[in-house]
*Asks:* 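Below is the structure I would like to discuss, written out as C-alpha cells.
When reading the values below, keep in mind they use all heavy atoms of this one structure, side chains included, and skip hydrogens, waters and symmetry mates. Quick caveat: nothing in here was measured; it's all calculated off a predicted structure.
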Amino acid sequence: MNYSQFNITDDHSLNIALAIDHCKKNNIDTLTFDNGTYLLKPQMASERACSISNHDVHEFTSIGMLIEDMENFTIDANGSTFICDGVMLSCAILNSKNITLKNMTLEARQHLRAEARVLEIGENSFIFEMTGDTGYYVKNGMLYLTNDYGHDDMFHYYIVVCREGDESGYIPETVESFKKAVVFEDLGNNRISIKDAQYVPAVGSRILLAPALRHGTTVFAEKSKNIFLENVTVHTSYGMAVLAQMCENFYIDKLSVKAKGGLLHTTNNDATHFVHCSGLVKITNSYFEAMLDDALNVHGLYNLVEHVDDKGILVRDMHPGSKGIDIYRAGCHIAVMDQKLLIPMATYTIDDAVMVNSEYFYLTLREGTKGITRGLVCEELDHSPNVIFENNTVQNNRARGMLLASHGKTVVRNNYFHTPGISVMLESSGDFWFEAGNTEDIVIENNVFDNCGYALGAWGKAVIEIVARKAFDGENYYHKNITVVNNEFKNNVRPLIIAGNVENVTFKDNKITNTVAPNQYVNCKNVIDEL
C-alpha cells in the first residue's frame with residue numbers, strides 16, 4: 001500500500017498512524033512512501049508509555065512510526081527523509097516479529113545540542129559564539145538548551161572537537177569538562193561567556209555543548225523478533241540512533257550515521273545499543289561518524305539484591321537509565337556474585353517473577369536462597385546474543401569504537417577504526433553502570449586500526465582494552481577467550497592491547513607499523529603474545 005492513500009491531513013504523524021493501522025487490520029505487508037520529506041510533529045503522533053534503557057525516557061512518549069503487535073511488515077520509504085519536530089521517537093517497534101525498515105533518512109530538527117566557536121580566552125574563562133540554530137538561554141548563571149516545544153535541558157558538558165578550519169575529527173589534545181560550578185553570561189549576538197572553566201580551549205577551537213538528558217532514541221525496538229534495518233541514514237538524534245532491548249535477532253545492513261551540513265555531531269550518544277537481547281545481533285556494511293559515544297554497545301543488566309527470605313529475593317535495578325525494563329521470566333536462570341569480583345557464586349532458577357514497580361523485582365527461586373546475601377548482584381543468564389560486526393567504518397566520534405559485554409560468540413571482522421579513544425573495549429560494572437557481563441568467545445580479525453586512541457588524555461589507555469575487575473581472587477577469570485589476529489595496526493600512539501582477567505588471550509599475526517609500549521596483561525592466564 002502506498003502512503004499517499006492516507007495523506008488525508010496536514011499532519012504526517014497522524015496520517016502515518018492511520019496508514020499503519022490500516023495495514024495491520026487488513027494484513028497488508030508493505031507500506032511504501034513516495035520519495036519526499038515528511039515532518040513529524042508530536043501533537044497528533046502515536047504515543048506509548050516507554051522505558052528506554054540508557055535514556056531518560058520513562059513515560060508516555062510521542063512516536064512518528066509505531067509498529068506494535070505486528071508480523072511480516074515492511075516500511076519502504078523509497079529514499080524519503082523523516083524529520084522529528086519536537087522530542088519524539090522516529091520509530092518504535094513493540095512486541096512485533098519480522099519487521100523491516102528500509103530506504104529512509106531520519107533526523108531530529110531541534111536536537112538540544114549546540115556547536116560553538118571560541119572567540120576570546122582569559123584566565124579560567126573564555127567567550128564562545130553559537131554557530132548553529134540551537135535554542136538557548138542563560139538563567140542564574142547556567143546555560144539551558146531549548147526547542148520550540150518548551151523542552152529545556154541544562155548544560156551537561158562541553159568538549160573540544162577540532163580547530164577552526166580543520167574539522168576532520170577530534171584533535172589529540174581533546175578535553176571535555178563536566179564541571180557544573182561554572183558561570184555563563186549571555187553577551188548577546190549569539191555570544192556567551194563562561195567563567196570558572198575547568199579547561200580553556202584555544203581561540204578558534206570548535207566545541208560541542210551537550211545536554212544533561214537523553215530525550216529519545218531514533219529507532220526503538222522492544223520485545224520483538226527478527227528486525228531488519230536496511231539502507232537507513234541517521235543524521236541527528238535526541239539520543240541514540242538505534243536501541244533494542246529484550247529483542248531476538250536484529251540485523252542492520254547499510255546503516256549510515258553521518259553528520260549533515262557541516263555539523264560536528266550526529267547522535268547524542270551511541271549509534272547502536274543492545275540491552276538484554278538474544279539470538280544474533282548483526283551489523284554489516286555500515287558507516288559511523290561523529291557520534292558523542294560508541295558505534296556499538298551490547299550488554300545485559302546487573303541488579304542489586306536488597307532483601308532475602310527463604311523463598312526468594314528482592315532485586316533493584318540500580319542505574320536510573322535502565323529502570324522499567326522487565327527482564328525476568330519464570331524458568332529463566334540467574335547467577336549471583338560479588339559486586340567487584342563479578343564471578344558467579346551460584347546459579348538459581350526463577351519459579352516466579354513479579355515486577356513490583358519500575359525499579360524492584362521479586363524473584364521466587366526454585367532452589368531456595370541459600371548462599372545469597374544482601375549486597376550481591378544478580379544477572380539473568382538466558383538472554384545474551386551472538387554478535388557480528390563486519391565491513392563497517394567507525395571514525396571521528398567522541399569516545400570509543402565499541403563496548404562488548406555479551407556471553408555469546410562475538411566476531412569483529414573487516415572493519416576500519418579511527419577513534420580518539422579505545423576502539424574495542426570489554427567492560428562491565430557491578431557498582432556504577434550495572435551493565436553486564438563477561439565474554440566467552442571474541443574474535444577480532446582483519447580489521448584496520450588507524451591511529452586509534454589519538455586523544456591521549458581521554459577514553460582509555462589502549463587500542464583494544466579488556467578492563468580488569470575491581471577485585472581478583474587469583475583463580476577465576478572474568479573473560480574466557482579473546483583472539484586478536486590478522487589485523488593492521490598503524491600510526492599507533494597507545495599500547496595495542498591491555499587485558500585484565502582473561503583466561504585465554506591470543507595476539508598474533510598482526511601487521512604493526514610501530515609500537516609505543518609493550519602489550520599489557522594483568523591477572524591473565526594462557527597468554528600468546530607475538531607482538
Side-chain angles (χ1 to χ4, degrees), residues 54-56 87 108 110-119 121 124-132 134-147 151-163 167 169-186 192-202 205-217 236-240 259 263-271 273 290-294 297 319-321 396-400 403 419-422 425 429 432-433 455-460:
N54 294 78
H55 285 70
D56 299 281
V87 171
Q110 294 179 307
H111 36 69
L112 300 172
R113 290 185 301 283
E115 297 186 2
R117 178 185 295 108
V118 177
L119 301 178
I121 63 174
N124 300 322
S125 67
F126 60 95
I127 296 173
F128 59 87
E129 176 189 24
M130 293 289 201
T131 55
T134 300
Y136 70 90
Y137 64 89
V138 175
K139 181 179 180 181
N140 297 327
M142 178 52 65
L143 175 67
Y144 292 83
L145 306 173
T146 187
N147 65 14
H151 289 96
D152 294 341
D153 201 339
M154 189 173 74
F155 159 82
H156 185 41
Y157 71 92
Y158 65 83
I159 181 170
V160 180
V161 178
C162 59
R163 304 178 186 92
E167 299 171 352
Y170 287 75
I171 56 179
E173 59 267 30
T174 289
V175 175
E176 57 187 357
S177 172
F178 287 83
K179 181 182 178 182
K180 296 299 187 295
V182 295
V183 179
F184 291 94
E185 181 182 355
D186 190 347
I192 298 173
S193 71
I194 178 171
K195 298 178 181 178
D196 298 325
Q198 179 180 358
Y199 173 75
V200 177
S205 297
R206 296 289 303 279
I207 65 173
L208 283 168
L209 298 109
L213 301 179
R214 304 173 178 184
H215 291 278
T217 187
T236 48
S237 175
Y238 298 110
M240 300 179 186
L263 289 177
L264 302 177
H265 68 273
T266 52
T267 60
N268 196 32
N269 340 94
D270 300 338
H273 199 111
M291 308 84 66
L292 298 189
D293 228 320
D294 316 315
N297 191 338
H319 196 274
N396 301 335
N397 65 298
R398 173 186 174 272
R400 300 153 296 264
L403 267 69
T419 55
I422 302 167
M425 183 176 184
S429 168
F432 183 73
W433 289 109
L456 291 175
W459 310 304

*Asks:* Determine the interplanar angle of the Tyr144 and Tyr137 rings, folded into 0 to 90°, and report it as parallel if under 30°, tilted if 30 to 60°, perpendicular if over 60°.
*Replies:*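 Correct class here is parallel.
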*Asks:* Once you round to the nearest 0.5 Å, how far does CZ of Arg214 lie from OG of Ser237?
*Replies:* 11.0 Å
*Asks:* Can you see which heavy atom on Asp294 is nearest to which on Leu403, and at what distance?
*Replies:* OD2-CD1, 3.1 Å
*Asks:* Would a distance-only check, ignoring hydrogens and angles, find a side-chain to backbone donor-acceptor pair under 3.5 Å from Thr217 to Met240?
*Replies:*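 Such a contact is found between Thr217 side chain and Met240 backbone.
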*Asks:* Are the side chains of Pro420 and Thr174 in touch, meaning some heavy atoms are under 4.5 Å apart?
*Replies:* no
*Asks:* List the atom of His156, the atom of Lys180, and the distance in Å for their closest heavy-atom pair.
*Replies:* O-NZ, 2.7 Å
*Asks:* Can you tell me how far apart OG1 (Thr236) and CD (Gln110) are? Round to the nearest 0.5 Å.
*Replies:*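 So the gap between those two atoms works out to 11.0 Å.
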*Asks:* side-chain contact (heavy atoms from CB on, under 4.5 Å) for Ile192 and Phe128? Distances and angles first, verdict last.
*Replies:* CA-CA 6 Å; Ile192 298 173; Phe128 59 87; 3.6 Å; yes
*Asks:* Show the nearest heavy-atom pair for residues Arg398 and Phe178, with the distance to one decimal.
*Replies:*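 Of all heavy-atom pairs spanning Arg398 and Phe178, the closest is NH2-CZ, 3.9 Å.
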*Asks:* Might you work through the side-chain contact (heavy atoms from CB on, under 4.5 Å) test for Tyr170 and Glu176, ending with a clear yes or no?
*Replies:* CA-CA 11 Å; Tyr170 287 75; Glu176 57 187 357; over 6 Å; no
*Asks:* Given 3.5 Å as the limit, does a donor-acceptor pair link the side chain of Thr131 with the main chain of Glu115, or not?
*Replies:* yes
*Asks:* To the closest 0.5 Å, what do you measure between NE2 (His55) and CG (Asn269)?
*Replies:* 5.0 Å
*Asks:* Short question: side chain of Tyr199, backbone of Tyr158 - any donor-acceptor pair under 3.5 Å?
*Replies:*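 Absent.
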*Asks:* Do you know which two heavy atoms are closest between Met130 and Ala114, and how far apart they sit?
*Replies:*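 The answer is SD-CB, 3.7 Å.
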*Asks:* So, taking the atom named CD in Glu185 and the one named CD1 in Ile194, what distance separates them when rounded to the nearest 0.5 Å?
*Replies:*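 Answer for the CD-CD1 pair, Glu185 versus Ile194, is 12.0 Å.
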*Asks:* Do other residues, nucleotides or ligands put more than 12 heavy atoms under 6.0 Å from the NZ atom of Lys179?
*Replies:*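 Yes, enclosed.
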*Asks:* For His151 versus Leu112, what's the shortest heavy-atom pair and its separation?
*Replies:* O-CD2, 4.0 Å
*Asks:* Salt bridge between Asp293 and Arg400, side-chain N to carboxylate O under 4.0 Å?
*Replies:* yes
*Asks:* Take atom NZ in Lys139; do more than 12 heavy atoms of anything else shown fall under 6.0 Å from it?
*Replies:*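 It does not: Lys139 NZ has 12 such atoms or fewer within range.
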*Asks:* Atom CG in Asn54, atom CG in Asn297: separation rounded to 0.5 Å?
*Replies:*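 If I round to the nearest 0.5 Å, the distance is 7.0 Å.
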*Asks:* Thr134 vs His111, test: side-chain contact (heavy atoms from CB on, under 4.5 Å). Steps then yes/no.
*Replies:* CA-CA 8 Å; Thr134 300; His111 36 69; 4.1 Å; yes
*Asks:* For Thr267 and Gly239, work out which heavy atoms get closest and say how close.
*Replies:*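 What the structure gives for the nearest pair is CB-O, 3.4 Å.
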*Asks:* Nearest 0.5 angstrom please: His265 NE2 to Ile159 CD1, how far?
*Replies:* 12.5 Å
*Asks:* In this structure, which one of Leu209, Leu292, Leu208 forms a side-chain contact (heavy atoms from CB on, under 4.5 Å) with Tyr157?
*Replies:* Leu292
*Asks:* Quick one: does any side-chain atom of Asp153 pair with a main-chain N or O of Leu213 as donor and acceptor, under 3.5 Å?
*Replies:* yes
*Asks:* Quick check on the 6.0 Å ring-centre criterion: do Phe184 and Tyr136 meet it?
*Replies:*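 Between Phe184 and Tyr136, the centre distance exceeds or equals 6.0 Å.
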